[in-house]
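Data block below; observations after.
All ligand and atom numbering here is 1-based and tracks the order in the structure. If you're wondering where the values come from, they're calculated on a predicted model, not measured in any experiment.
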Amino acid sequence: MSHTFSLSRVARLVGVSRSALQRMVKEGTLQSQNGQVEMDELLRVFPDVKWEDDGEYARVEEIKKKAFAKRIFERALPDREVLADRLFDLSTEYAAAKSLLTHYEQLFDWTLKKLDDVAESGGPATLQAVSSLKQWLRGQIQAAPKEAGRGLVLLAEESVMRIVSAQVKVLPSGHEFFVEGTDTILEAALRAGIPLNYGCSNGNCGECRARLVSGEIKKVHPHDYTLKEVEKNAGYFLMCSNTAVTDIVIEASVAGATDIQPQTIATKVKAVELLDARIAALHLTTPRSQRLRFLAGQRVRLSTDGVAGDYYIASCPCEDRHIELHVRRDNRPFARKVFDDLRKEDPVTIEGPQGTFVINMESRRPVIFVAWDDGFAPIKSLVQHAMSLEMAESMHLYWVSEALPHYQDNLCRSWADALDNFTYVPLSVDGGALDVAEHILGVHNDLTHTDIYAAGPAEFLHHLRDGAIARGLSPLGWHGEVIV
Ligand code: FES
């Protein structure tokens with residue numbers, strides 16, 4: 001069989017995360033050429049898999065849904081015209097396969113007749129040889145390979161996937177995601193946590209321009225921005241106005257922290273949730289047509305009713321209009337407002353984002369996240385973003401705090417339960433910054449191939465960084481954010 005599947009589709013079909021598959025390819029337990037896996041190889045490596053049943057992928061999706069309260073892998077149908085185009089493409093493939101099969105059947109019948117001619121012109125020995133050969137050929141045709149049934153299920157499942165979703169590969173970054181339902185390419189990328197460059201998100205600015213390298217797209221929203229004729233001829237299109245009809249490859253730039261323009265957004269309080277006696281989670285919702293553009297790990301300025309404060313965003317950029325922030329109970333006016341009298345539907349203005357404590361999107365190295373007390377907010381956003389991108393080989397989370405259990409201890413434990421490449425260790429500050437840093441580093445003797453993201457007081461970060469560099473961490477692998 002020569003049918004091949006992309007690693008992203010294999011992840012969905014067999015219920016294993018993409019990072020786990022990449023690890024298998026690296027270790028040589030799964031053969032893949034240019035990110036494609038042959039069907040025979042898939043059936044060989046996953047002989048017992050029940051498609052989409054109880055695998056790691058399903059568990060990951062479940063935990064993402066719970067953690068992010070967002071729609072993932074929802075079987076929403078695409079726009080009718082897109083659906084018709086996809087069905088037409090699939091029917092064309094089916095017709096081509098059927099015609100080829102008919103041709104092979106004719107060829108087989110013709111071969112049997114030719115063999116009869118040979119038998120007639122030869123002696124008894126030839127007759128016997130031809131008869132045995134024909135018997136063997138018929139036996140081979142009837143004895144379908146034992147994987148054939150499983151292969152058919154696999155192909156059928158993949159066909160359904162291709163009708164409800166299309167895969168997008170982004171060059172040069174190599175990110176992959178699926179466009180589902182009525183999403184545009186830009187919406188699907190943002191849901192997947194991939195910060196492609198964009199501006200207005202409604203066809204006015206041209207910032208989301210990308211180039212189609214292969215595949216078919218369809219305009220699903222009108223746009224006022226006019227692409228030059230030379231751009232159109234070169235394959236440029238607007239990601240906020242188009243969806244993918246088939247699997248596509250595009251050239252598009254991924255935004256860094258300095259590419260995102262400051263925004264001012266009038267939000268409403270969705271809830272103030274007391275996480276423990278000291279920390280409240282402030283949940284905000286942006287207007288229906290607006291989402292805050294930010295990268296995991298960044299902070300914003302919040303203001304309401306004449307008071308303001310700077311806080312780190314604790315939610316993932318992959319969430320639609322929901323923004324979560326952790327507010328410590330202290331004497332700052334904004335904190336007092338949150339704990340004393342901020343109510344559902346109250347207005348809160350967000351200005352930002354700010355900060356460069358963000359994920360290195362290029363790296364696939366194992367990641368160590370370290371949060372000191374309410375330094376957990378940016379770390380939580382980074383962890384969720386890294387989970388959404390399935391980018392790291394493995395993730396380790398250390399959360400150091402005065403009060404145990406930590407205020408979102410259950411959430412961290414659920415991540416560790418759901419993902420086999422994720423560990424979580426809660427730690428107490430007892431012993432001080434140096435002891436805690438040494439305790440963490442004692443678990444990781446060789447850090448030459450690792451990234452560390454740590455948020456906490458300057459003294460702790462100083463000990464952790466020095467110790468990590470002594471264990472081989474590259475200065476480029478260190479990402480520290482001082483929390484005051
Ligand atoms: S984001 Fe402005 S045109 Fe697409």
Side-chain angles (χ1 to χ4, degrees), residues 70-71 78-79 81-82 165-173 175-246 248-267 285-296 298 300 313 316-323 350-354 358 361 385 388-389:
K70 71 169 191 156
R71 189 193 68 171
D79 167 282
E81 283 184 34
V82 172
S165 64
Q167 185 185 318
V168 181
K169 178 163 187 173
V170 184
L171 299 178
S173 69
H175 288 108
E176 289 178 8
F177 61 92
F178 286 92
V179 181
E180 291 174 286
T182 54
D183 279 354
T184 62
I185 294 165
L186 179 64
E187 285 165 339
L190 298 178
R191 278 186 209 285
I194 298 164
L196 295 182
N197 246 328
Y198 74 103
C200 63
S201 77
N202 54 21
N204 286 315
C205 67
E207 300 265 321
C208 66
R209 218 165 7 180
R211 191 174 82 80
L212 183 66
V213 176
S214 66
E216 198 185 324
I217 55 172
K218 190 170 205 87
K219 188 154 103 178
V220 284
H221 298 311
H223 55 81
D224 291 339
Y225 183 83
T226 313
L227 287 161
K228 295 189 190 97
E229 214 47 42
V230 60
E231 289 178 312
K232 283 193 218 161
N233 293 339
Y236 283 92
F237 68 98
L238 298 182
M239 292 186 288
C240 69
S241 298
N242 285 273
T243 194
V245 175
T246 61
I248 59 172
V249 178
I250 61 171
E251 276 176 8
S253 56
V254 174
T258 52
D259 296 319
I260 299 180
Q261 295 299 314
Q263 303 139 74
T264 301
I265 299 185
T267 70
T285 309
T286 64
R288 198 167 289 281
S289 58
Q290 223 177 352
R291 60 189 289 167
L292 176 70
R293 197 173 164 211
F294 71 99
L295 297 177
Q298 291 192 299
V300 286
I313 300 170
C316 175
C318 50
E319 293 183 50
D320 258 348
R321 294 162 48 216
H322 169 234
I323 309 285
I350 292 184
E351 291 170 81
Q354 295 164 11
V358 298
M361 303 276 288
H385 195 194
S388 178
L389 293 171

Which of the atoms of ligand 1 are close to [X], meaning less than 4.0 Å from one of its heavy atoms?
{"X": "Cys205", "answer": "1 (S), 2 (Fe), 3 (S)"}
{"X": "Gly203", "answer": "3 (S)"}
{"X": "Cys200", "answer": "1 (S), 2 (Fe), 3 (S)"}

[X] [atom1] to [Y] [atom2] distance, which is reported to the nearest 0.5 Å:
{"X": "Leu196", "Y": "Asp259", "atom1": "CG", "atom2": "CG", "result": "11.5 Å"}
{"X": "Thr286", "Y": "Leu292", "atom1": "OG1", "atom2": "CG", "result": "7.5 Å"}
{"X": "Cys205", "Y": "Leu238", "atom1": "SG", "atom2": "CG", "result": "8.0 Å"}

Main chain of Leu295, side chain of Gln298: is a donor-acceptor contact present, judged purely on distance under 3.5 Å?
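It does hold such a pair.
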Donor-acceptor contact present, side-chain Asn197 to main-chain Val254, <3.5 Å:
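Side chain of Asn197 to backbone of Val254, a donor-acceptor pair under 3.5 Å: no, none is there.
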Considering only protein heavy atoms, which is closest to atom 1 (S) of ligand 1, and at what distance to one decimal place?
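Going atom by atom, the protein heavy atom closest to atom 1 (S) of ligand 1 ends up being Ser201 N, 3.1 Å.
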Starting from atom 3 (S) of ligand 1, find the nearest protein heavy-atom neighbour and note its residue, name and distance.
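Going by distance alone, atom 3 (S) of ligand 1 is nearest to Gly206 N, 3.2 Å.
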Distance check below 2.8 Å: does Cys240 bring an N, O or S atom to atom 4 (Fe) of ligand 1?
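Cys240 does place an N, O or S atom closer than 2.8 Å to atom 4 (Fe) of ligand 1.
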Can you tell me if Cys208 has an N, O or S atom under 2.8 Å away from atom 2 (Fe) of ligand 1?
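No N, O or S atom of Cys208 is closer than 2.8 Å to atom 2 (Fe) of ligand 1, so no.
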Under 2.8 Å from atom 2 (Fe) of ligand 1, is there any N, O or S atom belonging to His223?
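So His223 does not bind atom 2 (Fe) of ligand 1 by this criterion.
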Do the non-hydrogen side-chain atoms of Gln290 and Gln263 ever get within less than 4.5 Å of each other?
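No, every pair of side-chain atoms sits at 4.5 Å or beyond.
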Check Asn204 against ligand 1 and report side chain, backbone, both or neither, counting heavy atoms closer than 4.0 Å.
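The backbone, only.
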Is it possible for you to check whether Arg191 lies under 6.0 Å from the centre of the six-membered ring of Phe177, through NZ or CZ, and within 45° of that ring's axis?
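Ring-cation test returns no.
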